[in-house]
Student: 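Please see the structure below; I have some questions.
In what follows, chains are A, B, ... by sequence order, proteins preceding strands, each numbered from 1.
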2 protein chains.
Amino acid sequence: MSDENFAFPILTVDAVVFQLVNNKLTVLLIERAFEPFLGRWALPGEYIPKDKSSHQALEHVLVHKTGISTKQLELIEQPYAFDSPERDPRGYAVTVMYISLGRNITPGGHKDMDNAQNPQFFPITELPELAYDHANIVTFARNRLKTLSTSTNVVGALLPGAFTFLQLQDAYEAIFGKSLDKRNFRKKMLSLNLIEPTGDIAKDGAHRPAQLYTFRKVQSKNLDQSFD
Amino acid sequence: MSDENFAFPILTVDAVVFQLVNNKLTVLLIERAFEPFLGRWALPGEYIPKDKSSHQALEHVLVHKTGISTKQLELIEQPYAFDSPERDPRGYAVTVMYISLGRNITPGGHKDMDNAQNPQFFPITELPELAYDHANIVTFARNRLKTLSTSTNVVGALLPGAFTFLQLQDAYEAIFGKSLDKRNFRKKMLSLNLIEPTGDIAKDGAHRPAQLYTFRKVQSKNLDQSFD
DNA sequence: GCAAAAGTGTTCCAGATACACCCATGA
DNA sequence: TCATGGGTGTATCTGGAACACTTTTGC
């Protein structure tokens, strides 16, 4: 691909794909195959070509570099963009970030994958050193995920359609990176009005069966300010 | 200016310049002199030319369209960017937004101003219909200002170097768009540890003189999440 | 009966809210 | 003396945090 296919100032798209693996929050990374930052781990991303939207470029880079399609993922509504003269060693750059959530996703396997760059999910607590300012972007995305987790149904995209309260708590503990009190969590979760019982019961082992829950469809997305 | 000076996909910069006028929070707008949205009020903004950073383009558009220099303003540290296929009727666009705060700013008067487009400060409660998605951008910026007001010294940029508690309260009431209890405000403000007394006293009228305060220099910028 | 997850309430504390009067000054 | 903004304290409410035992099932 020659340079004149790309915008100037540099405009790129980067994907932050989260999923839960073994009750840990993980992020999809690739190992860069080109300079700059050759060999360094990075978010999947690429230049946004002239004739594409950032969303189309997102689909392209995920399929080609990781073998995952956005059709397997839940995208968080708005993209965010980062702008800083120091972001890219080649010069001034703006990147559009998409936060995506998945479940049971395995890198590779998409028929249009080429150019795969060793895509892997890393626990967010054990990230390697990242290229560019991707560490900042991951932190931003995780904070955004935290905020949305307490006001919307986004966590549903990380879980099966029906889940027990303890599965749900494990997900929140992974997102917030800390353990939560079972009774307080149940109280708060119910007061947030984000989930409802399905009426079904999970019988899955040598223990008392659990009520199953699911996220409600419509969610408000208001964020709080002080002095409200 | 011909089109090939500009990036593609379209990359623009927009300025949200706040100041207090008569104890109201106001935003700087211009009246568009060109299509699209000819005659509609809008944030000062322009394409980012190939050879400039968004910050340089910001300075350019403010000076040329409003006669104000960023040197008269306090910029909020990070730019934010918005991305949406529907933002611009001409196609896919990304805009970089800068939030800027000023005091006693009058549009016009800069020697390099040309192409002025009737720049005026509008009370945020009485905005006209805006071009593009600028209403969303203003809302975002104001919310950001609210959040930063309770954790940083940004409000200092809207006030004189030393101010009384009631001036400060007026500023917060303008930002939050609601009246606050005098005693509770004082308590909360002091607990936030953002201001300190100068030791000076304001004697400015037929009433008891007031202790003067100033914002501290260094501020933490942590934002809270639930489940912390 | 025992292992393993499900389920359940109360106390405490901190921070937010509501609320009304006296003070110091200049005119 | 009065008009104007400056300055102060308490009671209540609300939401978060800490904390331990009983229940139901499969083996």
Student: Are any of the side-chain heavy atoms of A/P160 and A/R103 separated by less than 4.5 Å?
Tutor: yes

Student: How many Å lie between CG on B/D170 and P on D/dG5, as a whole number?
Tutor: 10 Å

Student: Looking at residues at least two apart in the chain, or sitting in another chain, which of them share a ring-ring contact (aromatic ring centres under 6.0 Å, His included) with B/Y213?
Tutor: B/F165

Student: Rounded to the Å, how far apart are B/K178 NZ and C/dA16 P?
Tutor: 12 Å

Student: Just to verify, what does B/F122 make a ring-ring contact (aromatic ring centres under 6.0 Å, His included) with, not counting sequence neighbours?
Tutor: B/W41

Student: If you find the nucleotide of DNA chain C closest to B/P209 and the one closest to A/F165, which residue's nucleotide is nearer the 5' end?
Tutor: A/F165

Student: For nucleotides 10-14 of chain C, print each protein N/O atom paired with a nucleotide N/O atom at under 3.5 Å, atom names and distance only.
Tutor:
{"residue": "C/dT10", "atom": "O4", "partner": "A/K187", "partner atom": "NZ", "Å": "2.8"}

Student: Figure out the CZ/P separation between B/F176 and C/dT17, and round it to whole Å.
Tutor: 11 Å

Student: How would you list, by chain and number, every residue that makes a ring-ring contact (aromatic ring centres under 6.0 Å, His included) with B/H110, sequence neighbours excluded?
Tutor: none

Student: What's the CD1-P distance between A/I201 and D/dT23, to the nearest Å?
Tutor: 18 Å

Student: Please tell me whether A/E46 and A/T12 have a donor and an acceptor in their side chains that are separated by less than 3.5 angstrom.
Tutor: no

Student: Measure CG/A/L192 against C1'/D/dG16 and give the value in whole Å, please.
Tutor: 13 Å

Student: Without decimals, in angstroms, what is the distance between A/D181 CG and D/dG16 P?
Tutor: 13 Å

Student: With sequence neighbours excluded, tell me which residues meet salt bridge (Lys or Arg N to Asp or Glu O under 4.0 Å) with A/R183.
Tutor: none

Student: The criterion is ring-ring contact (aromatic ring centres under 6.0 Å, His included); which residues satisfy it with B/F163, sequence neighbours excluded?
Tutor: B/F215

Student: Which nucleotide in the set D/dG16, C/dT8, C/dT25 lies at the smallest distance from any side-chain heavy atom of A/K188?
Tutor: D/dG16

Student: Among C/dT8, D/dT8, D/dC19, which is the nearest nucleotide to the side chain of A/R186?
Tutor: C/dT8

Student: Rounded to the Å, how far apart are A/Q211 CD and D/dT24 P?
Tutor: 15 Å

Student: Using a cut-off of under 3.5 Å, enumerate the N/O to N/O pairs linking the protein to nucleotides 1-5 of chain C.
Tutor:
{"residue": "C/dA4", "atom": "N3", "partner": "A/A206", "partner atom": "O", "Å": "3.3"}

Student: Here's a test of your reading of the structure: between A/G205 and A/R183, which maps to the more 5' nucleotide of DNA chain D?
Tutor: A/R183

Student: Taking only residues two or more places apart in sequence, or in another chain, which ones meet A/E31 in a salt bridge (Lys or Arg N to Asp or Glu O under 4.0 Å)?
Tutor: none

Student: Please report, to 0.1 Å, the donor-acceptor pairs under 3.5 Å made by any side chain of residues 194-202 of chain B, with sequence neighbours excluded.
Tutor:
{"residue": "B/E196", "atom": "OE1", "partner": "B/R216", "partner atom": "NH1", "Å": "2.6"}
{"residue": "B/T198", "atom": "OG1", "partner": "B/D200", "partner atom": "N", "Å": "3.0"}
{"residue": "B/T198", "atom": "OG1", "partner": "B/L212", "partner atom": "O", "Å": "3.3"}

Student: Within this structure, what is the CG-to-P distance between B/L190 and D/dT8, rounded to whole angstrom?
Tutor: 9 Å

